[in-house]
Amino acid sequence: MGNAVNAVTISVPDPAAMQELGRTLATVLRPGDLVLLSGELGAGKTTLTRGLGEGLGVRGAVTSPTFVIARVHPSLVGGPALVHVDAYRLSGGLDEMEDLDLDVSLPESVVVVEWGEGKVEELSETRLEVRIDRALGGEAGHDDHLLSLSEDLDPEIPDDRKVTLHGLGARWADVDLGALAVARA
Ligand SMILES: Nc1ncnc2c1ncn2[C@@H]1O[C@H](COP(=O)(O)OP(=O)(O)OP(=O)(O)O)[C@@H](O)[C@H]1O
Ligand SMILES: [Mg+2]
């Protein structure tokens with residue numbers, strides 16, 4: 001434990017499974033957690049967040065925040081609100097994020113950020129990074145490891161995703177991320 005890298009990669013065959021992974025992930029999230037989602041356009045970041053919102057029991061369906069940078073989903077069950085941020089058009093990083101003047105306390109919420117790499121890491125050095133990669137196909141963004149993994153996959157399943165969860169900092173040191181993969185099976 002301690003400073004050990006806490007990471008797991010989970011195979012997600014379809015959108016329903018991605019949503020289910022989000023519901024399962026919600027069970028380990030606490031107020032103040034920052035979840036950073038990365039992956040190309042259409043990777044499944046919003047789909048995962050939709051499941052997170054269901055699992056957390058928040059109000060409103062999670063959708064792509066097309067016209068807003070952030071949307072607040074209050075809890076319906078006395079838990080943390082979900083703050084869903086699309087940082088795609090957030091050029092100014094942390095300062096701009098704080099300027100959004102969200103009517104919510106970030107330390108009391110679960111903050112999920114799409115496209116936040118290089119922009120919002122300062123919000124918390126302790127965070128859960130979630131990377132979603134297409135397991136098949138010729139899209140950019142694959143590393144050699146994932147390409148070699150994809151050779152073993154059923155070619156009948158073209159939309160398989162690899163979700164890598166990577167917990168950084170003391171908050172995540174003792175969280176059994178591997179159990180998330182088991183819970184899905
Ligand atoms: N295994 C899978 N997991 C998740 N989504 C999948 C999978 N297979 C197919 N899909 C489809 O991929 C799309 C993912 O869209 P989504 O909006 O979640 O991606 P995104 O990463 O948020 O994109 P953007 O970068 O535009 O915000 C959906 O249309 C979904 O149905
Ligand atoms: Mg999205």
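Read the numbers this way: they start at 1 and go in the same order the structure lists the ligands and their atoms.
- Atom 14 (C) of ligand 1 has its closest protein heavy atom at G42 O, 3.2 Å.
- At the top of the distance list for atom 26 (O) of ligand 1, counting protein heavy atoms only, stands L41 CD2, 3.5 Å.
- Residue contacts with ligand 1, taken as heavy atom pairs separated by less than 4.0 Å, involve D159 via backbone and side-chain atoms alike.
- By the criterion of a heavy-atom distance under 4.0 Å, the side chain of E114, and not its backbone, is placed next to ligand 1.
- Side-chain polar atoms of T46 and E114 form a donor-acceptor pair below 3.5 angstrom.
- Of all protein heavy atoms, the one closest to atom 19 (O) of ligand 1 is G44 N, 3.1 Å.
- Considering the Mg ion (ligand 2) as centre, the angle to OE1 of E114 and to OG1 of T46 is 100° (10° rounding).
- For atom 29 (O) of ligand 1, no protein heavy-atom neighbour is found at a distance under 4.0 Å.
- Nearest heavy-atom pair across V175 and V28 is CG1-CB, 4.4 Å.
- Counting protein heavy atoms only, atom 31 (O) of ligand 1 is closest to P15 CG, 3.2 Å.
- Residue A43 has at least one N or O atom closer than 3.5 Å to an N or O atom of ligand 1.
- Checked against a 3.5 angstrom limit, the closest N/O atoms of D86 and ligand 1 fall outside it.
- Nearest to atom 20 (P) of ligand 1 by heavy-atom distance, out of R50, K45, R161, is K45.
- Within the listing of ligand 1, atoms 14 (C), 15 (O), 16 (P), 18 (O) sit less than 4.0 angstrom from a heavy atom of T47.
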Please test K45 against D86 for side chain to side chain contact (heavy atoms under 4.5 Å, CB included), starting from the C-alpha separation and ending with a verdict.
CA-CA 10 Å; K45 303 180 292 294; D86 188 340; over 6 Å; no
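- If you check each of T46, D160, V163 against atom 17 (O) of ligand 1, the one with the closest non-hydrogen atom is T46.
- By the criterion of a heavy-atom distance under 4.0 Å, the side chain of W115, and not its backbone, is placed next to ligand 1.
- Neither the backbone nor the side chain of A17 comes within contact range of ligand 1; no heavy atom lies under 4.0 Å.
- With ligand atoms numbered from 1 in the order given, ligand 1 contributes 3 (N), 4 (C) to contacts under 4.0 Å with heavy atoms of M18.
- Every atom of ligand 1 is numbered from 1 in the order shown, and the set under 4.0 Å from a heavy atom of P13 is 1 (N).
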